[in-house]
Protein chains: 2
Amino acid sequence: TPAAAPGAEVATPPPYDIMKYGFPSLENVRYREGHVLSYDNRNKTANWVCEKFTAQHLNAKAADRKKTQFFEDQEIYELWRAKLSDYKRSGYDRGHLAAAGNHKYYQKAMDATFSLSNMSPQVGKGFNQGYWKELEDYVRDLTKTSTNVYVCTGPLYLPNEVRNGKKYVRFEVIGEGNVAVPTHFFKTMLCEKNDGSVAIEAYILPNEVIDSKIPLKQFRVPLHKVEAAAGGLLYPGLLDKYKYVVA
Amino acid sequence: TPAAAPGAEVATPPPYDIMKYGFPSLENVRYREGHVLSYDNRNKTANWVCEKFTAQHLNAKAADRKKTQFFEDQEIYELWRAKLSDYKRSGYDRGHLAAAGNHKYYQKAMDATFSLSNMSPQVGKGFNQGYWKELEDYVRDLTKTSTNVYVCTGPLYLPNEVRNGKKYVRFEVIGEGNVAVPTHFFKTMLCEKNDGSVAIEAYILPNEVIDSKIPLKQFRVPLHKVEAAAGGLLYPGLLDKYKYVVA
Ligand SMILES: [Mg+2]
Ligand SMILES: [Mg+2]
């Protein structure tokens, strides 16, 4: 596909295309410009966020990050809505699940990624601004060898403490609203190739400073490991015979 | 209503009657004999379990607890199914959410409450076998002054640790499958009265030994406090003007 002219908007992938391979779950599903998410009322962040893009989307430079701003999601009932004040002075970044940089093709699509429903509290330096950002770059690079890339991203709450032989899940909650700080994040990519084949990659990263010298493959996991932890099947519409092909 | 003859079965409330006042959420909803539940794949226990019963149901003694046995829920995908082995030697009881004692009217309804999807790991002595059991008795007693009682029960994962001014949610997970041990449980009751009015009561109890001398009213909370913590609206089909009537 030829790159769009600089400044030209490229069409937003319609929801039925973003979700071509099926829904990980059906709870609180929201269609947004350029992404689709399931919201977790209890933890006040998404369960998962799905995106789909191509090289053409990434090459279009129609959107300007300076025009965006973080906002509270008015479509979520107030009891469960994450607030700007919850994140304030928490020490955590408002970390994008669907990355803003994937949505330069259309201002409204980039704007939509700044909803707090698309955010989780992330460690800033060394994670959101470091290793996690590099993972986002890596995902975008997959468009160089793929016709379409289907990305799913979400928080995890994994056992992270052992004491006296017992296992615990322990995570911080921030603000008056007790927004959960996930212990880990997952990102999975389904890449459609020119020859009609598909390849899947899955990663689980801890929400902490990660040394940039550690190779990304060290965080690669089988897809079912994400599925077990996230509580949903990823790409459930994909025929099993294609599902576990390793890229 | 006259009590049923000893040993006679009373009809199971149909799901549309159990759920007359609406669904707290729509994720992984399962219809069972005598109760309806939403399953939490991530924590491997229910999100909520709803029941409805009358004095007639409770007076019928058709079911025998000795005929029941705990069982793994084959309707849950294996990745997320709680196992008998997860609970074994965990130190926790397999605690009923829909209480077995509410379902003596029909053997199959009592049997169904022994599914691990209707269980959460509960502290045994002083909670499952103590204060929580007394709450279950109290709920049954409400049928003496109510024509129908609609009960909703579920686990909670509340902030339970403060350190250096930061709040944390910390809970144990048991077994190979990491079944979550909830920090608290809620129980809410909507009682339909003879005069056509309704009254709602809501309770949140910590999953720990509770001194039986503490009055139950100390654990009573406004309904919206359960709704905020559970991530769902309770009795959402009820008109607002009736919703917050205090019994
Ligand atoms: Mg980021
Ligand atoms: Mg019990």
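Below, chain A is the first sequence line, B the second, and so on; all start at residue 1.
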**Asked** If we ignore angles and hydrogens, is there a donor and acceptor under 3.5 Å between the side chains of Tyr39(B) and Glu75(B)?
**Response**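 No donor-acceptor contact under 3.5 Å links the two side chains.
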
**Prompt:** Strictly by modelled atom types, are Glu27(B) and Asn47(B) linked by a side-chain donor-acceptor pair under 3.5 Å?
**Reply:**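 Side chains of Glu27(B) and Asn47(B): no pair found under 3.5 Å.
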
**Positive for side-chain contact (heavy atoms from CB on, under 4.5 Å) with His35(A), one of Val49(A), Asn102(A), Thr153(A), Val151(A)** =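 Filter result, single survivor: Val49(A).
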
**Prompt:** chain B heavy atoms under 4.5 Å from Asn28(A): which part of the residue, side chain, backbone, both or neither?
**Reply:**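 Neither part.
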
**Region of Ala228(A) that comes under 4.5 Å of a non-hydrogen atom in chain B** =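 The answer is both parts of Ala228(A).
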
Quick check on [X] against chain A: is it the side chain, the backbone, both or neither that has a heavy atom closer than 4.5 Å?
X         : result
Glu78(B)  : neither
Asn43(B)  : side chain
Ala230(B) : backbone
Asp40(B)  : side chain

**Prompt:** For Lys83(A) and Glu176(A), what are the C-alpha separation, side-chain angles and deciding distance, and is it a salt bridge (Lys or Arg N to Asp or Glu O under 4.0 Å)?
**Reply:** CA-CA 9 Å; Lys83(A) 305 285 171 62; Glu176(A) 271 212 56; over 6 Å; no

**Prompt:** Minimum heavy-atom separation for Asn128(A) to Lys133(A), with atom names?
**Reply:**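 Scanning both residues completely, I find the closest heavy atoms to be O-CB, 3.4 Å.
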
**Request:** Could you check Ile174(B) against Val179(B) for side chain to side chain contact (heavy atoms under 4.5 Å, CB included), going step by step and ending with a plain yes or no?
**Result:** CA-CA 5 Å; Ile174(B) 59 172; Val179(B) 175; 3.9 Å; yes

**Prompt:** Is any residue of residues 13-23 of chain B within less than 4.5 Å of chain A by heavy atoms, and which ones?
**Reply:**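 Heavy-atom contacts from residues 13-23 of chain B to chain A are absent.
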
**Phe219(B) vs Tyr131(B), ring-ring contact (aromatic ring centres under 6.0 Å, His included): CA-CA, chis, key distance, verdict** = CA-CA 11 Å; Phe219(B) 300 100; Tyr131(B) 208 96; 5.4 Å; yes

**Asked** Once the angle between the rings of Tyr138(A) and Tyr203(A) is folded into 0 to 90°, is it parallel (under 30°), tilted (30 to 60°) or perpendicular (over 60°)?
**Response**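 Taking Tyr203(A) first and then Tyr138(A), their aromatic rings stand perpendicular (interplane angle over 60°).
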
**Prompt:** Hey, do the aromatic rings of Tyr87(A) and Phe70(A) have their centres closer than 6.0 Å?
**Reply:**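 For Tyr87(A) and Phe70(A), the ring centres are not under 6.0 Å apart.
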
